[in-house]
Amino acid sequence: MPNSLIKAECTGRSKLPRLTNLVDDVILIAMTPNPYFFIVIFCGVAVVFPLMPLALAWLWRRFFQPPRPGAGKNATYECGVESVGEAHVQFQSQYYLYCVIFLIFDVEAIFLVPFAVAFTGLPVGAFISILVFLLLLIEGLVWAWSKGCLDWGSKRLSAR
Amino acid sequence: MSDQIDGGLRSELQRQGIWVTSMEELYNWGRKNSIWPLQFGLACCAIEMIATAASRYDIARFGGEVFRPSPRQADLMIVAGTVTKKMAPQIVRLYNQMPDPKYVISMGACAISGGPFKQGYNVLKGIDRYIPVDVYIPGCPPRPEALLHAFMELQRKIDSQKLTGNAKAEHLDPMQPSEFPVPAFGAHDLEPAANPRLFQPPKIERS
């Protein structure tokens, strides 16, 4: 009987041989694990494992915690300073543009330092090329400025 | 607890390989060996506190290495350094936000009394004016060994705390206040200048 079951499984067909004995049938199905059975076990453990400490902590709090709540104790934690306004504040994504522009000019400074050190000994070609580099960056800055990237958020958003 | 086991019988049993304990002892043993300090330092004492937590002195041997950056998870506040009057309300608020049971170590001369800066107009003359202090460590700054000693003293105190009966620990008494008033900035000084419930200095009588 087991041989025919395995064969049925290997060929991928659901046509199981009819078993006269129901108990045998149940035992056989339990003995041949479904490949997805382990995923079910995995999911079960993945749910129970984090929930258990949370549940234990909740039970401990429920039954053993010294009951001493208070307005200050339950207040929002802001490093000891009294919190002002709501905790759910939205930050402008425009901060990202500031960062990118800062980064560009930060890297520019790295290029400028060796240029400034070797300034007196530079040939004309090198001088012109660094000038072109600077002009490109300045043009970029002017463009970003005119686009309003340096306005701190509120102006553009309120204009909309 | 009247059914405490006799000390002689206990050591006798222990010699025979039977270890007897009570829930209270077990509970306190767990508490005293996993004290989580609040992670903040105020002045030079904080450097000594950092050294205590680092490998040479290694406060982890006593179960106190988990410095928590949030008061919600901390049991112990180590006031390490000069407390300015600007900082005092924040410290009291942090102390209030710590869950019970909580303990305070006042580390160094400044945290005890203002120390060498006692005459400064902006220096609080001891953090015990606002929050109850369990262990004081003198020194300027105290060496890491002194902080370890204070830590062990605190462990001794936790170990001796009763969980039931009339002499049970303060944090288990629901009549005790759960918070201490946070001082506010007044025109000239913090108001109130001290918590009268905690701070009753002896009156000096001069003839």
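The chains referred to below are lettered A, B, ... by the order of the sequence lines, with proteins before strands, and numbering in each begins at 1. Side chains are part of it too, since the values below use all heavy atoms of this structure and drop only hydrogens, waters and symmetry mates.
- For CZ of B:Phe185, the number of neighbouring non-hydrogen atoms (other residues, nucleotides, ligands) closer than 6.0 Å is greater than 12.
- A:Pro69 and B:Ser178 make their closest contact through O-OG, 3.0 Å (heavy atoms, listed as atom of the first residue, atom of the second, distance).
- Looking at B:Phe180, neither its backbone nor its side chain comes within 4.5 Å of chain A, counting heavy atoms on both sides.
- A pairwise comparison of heavy atoms in A:Tyr77 and B:Pro71 identifies CE1-CD, 3.3 Å as the closest pair.
- Using a 4.5 Å heavy-atom cut-off against chain A, the contacting residues of residues 72-101 of chain B are B:Arg72, B:Gln90, B:Arg93, B:Leu94, B:Asn96, B:Gln97, B:Met98, B:Pro99, B:Asp100.
- Within a 6.0 Å sphere centred on CD of B:Glu191, heavy atoms belonging to other residues, nucleotides or ligands number more than 12.
- Within a 6.0 Å sphere centred on CD of A:Glu82, heavy atoms belonging to other residues, nucleotides or ligands number 12 at most.
- The number of heavy-atom neighbours closer than 6.0 Å to CZ of B:Arg61, taken from other residues, nucleotides and ligands shown, is above 12.
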